[in-house]
**Q** 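If you scroll down you'll find the structure; I have some questions about it.
If you're wondering where the values come from, they're calculated on a predicted model, not measured in any experiment. A note on names: the letters A, B, ... follow the listed sequences, proteins ahead of strands, and every chain is numbered from 1.
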There are 2 protein chains.
Amino acid sequence: MPIELTASQALGLWYGVSLNQVRMDERDLTLRQMAILLHIYLVPPPHTVRGLAAELNVTKPVITRALDTMGELGLVDRIRDERDRRNVVIKRTVGGALYLEKLGDRVREQGRRLSP
Amino acid sequence: MPIELTASQALGLWYGVSLNQVRMDERDLTLRQMAILLHIYLVPPPHTVRGLAAELNVTKPVITRALDTMGELGLVDRIRDERDRRNVVIKRTVGGALYLEKLGDRVREQGRRLSP
DNA sequence: GAAAAACGTTACGCATGCGTTCCATTTTCG
DNA sequence: CGAAAATGGAACGCATGCGTAACGTTTTTC
């Protein structure tokens, strides 16, 4: 069930959500951090640093640092993979789920406000 | 003509556009810069530093710096208001319009890819 | 006309993210 | 086993954005 948007609606939607996010300023994630967080929550696990780096086309330290930051914010969690102790498995958290739930609400709300 | 999205669709849309933007990495605007740019292009002029600061609920230097950066990228332009020379009027550019046109296309494209 | 207000900018010290490079640990392979 | 590969992280110097406070210019106010 695809969604058909006009150019004006598409930008209006992006604007509304961005503005809302900036004004509230709860936590200010980078676009990269946002993409990482969404990937973790929308794509089936498991997720590793290397996998995320390849998926987003960025270097590994970028992922490590993003996980550091978002870990402190309680949005994600890291645990070592006991089956292959070189790997780190990235886990979801309640805080992360709540954060994205609010983001989703914001997107839906802005979608509802759209004019044709 | 509002758009009704499910929670999953809303996050999927945001994810798709963010991922696309990160991968391409043409120019990496802050969420604030993005909101400022969209405001300038979607809300009728004139736009001033003070007005933008109030609208986005940020301080004036934030606007000045964002205009510096986006000015160098060719996305916006600044000219002094000759009627009241204290003011600076923020103008759109061809580059900015093209940039947002591509963003809008990305949003529409992701909207079309949505599953129910 | 002089003082006050308004506007945008600059200066400062600080925090955070970046890319490159190197490293420690663990696993794989000959 | 021992060498090679793979994984995630730390270290470094750098670039950019932030908030606060001050400034220069221009306009308004009395």
**Q** Counting only side-chain N and O atoms of B/T48, is one of them less than 4.0 Å from OP1 or OP2 of C/dC7?
**A** no
**Q** Look at the side chain of B/R65 and the base of D/dG19, then say whether one donor and one acceptor between them are separated by less than 3.5 Å.
**A** yes
**Q** Which whole-number value in Å describes the distance from A/L67 CG to C/dC18 P?
**A** 12 Å
**Q** For A/N87 and A/D68, find the nucleotide of DNA chain D closest to each by heavy atoms; which residue's nucleotide sits nearer the 5' end?
**A** A/N87
**Q** Hey, what's the ring geometry for B/W14 with A/W14, parallel, tilted or perpendicular (30° and 60° as the breaks)?
**A** parallel
**Q** Nearest heavy atom decides the nucleotide; on that basis, is B/E82 or B/P61 closer to the 5' end of DNA chain D?
**A** B/P61
**Q** Can you spot which of B/T48, B/L52, B/D77 makes a side-chain contact (heavy atoms from CB on, under 4.5 Å) with B/I90?
**A** B/L52
**Q** Would you tell me if any nitrogen or oxygen in the side chain of A/T64 comes within less than 4.0 Å of OP1 or OP2 on D/dG9?
**A** yes
**Q** Of the nucleotides C/dG17, C/dT27, C/dT9, which has the atom closest to the B/R78 side chain?
**A** C/dT9
**Q** State whether B/Q33 places a side-chain N or O below 4.0 Å from either non-bridging phosphate oxygen (OP1 or OP2) of D/dT16.
**A** no
**Q** Given C/dC7, is OP1 or OP2 found less than 4.0 Å from the side-chain N or O atoms of B/R50?
**A** yes
**Q** Round to a whole Å and report the spacing from CZ of A/R85 to P of D/dG8.
**A** 13 Å
**Q** Is the distance from OP1 or OP2 of C/dG19 to the nearest side-chain N or O of A/R32 less than 4.0 Å?
**A** yes
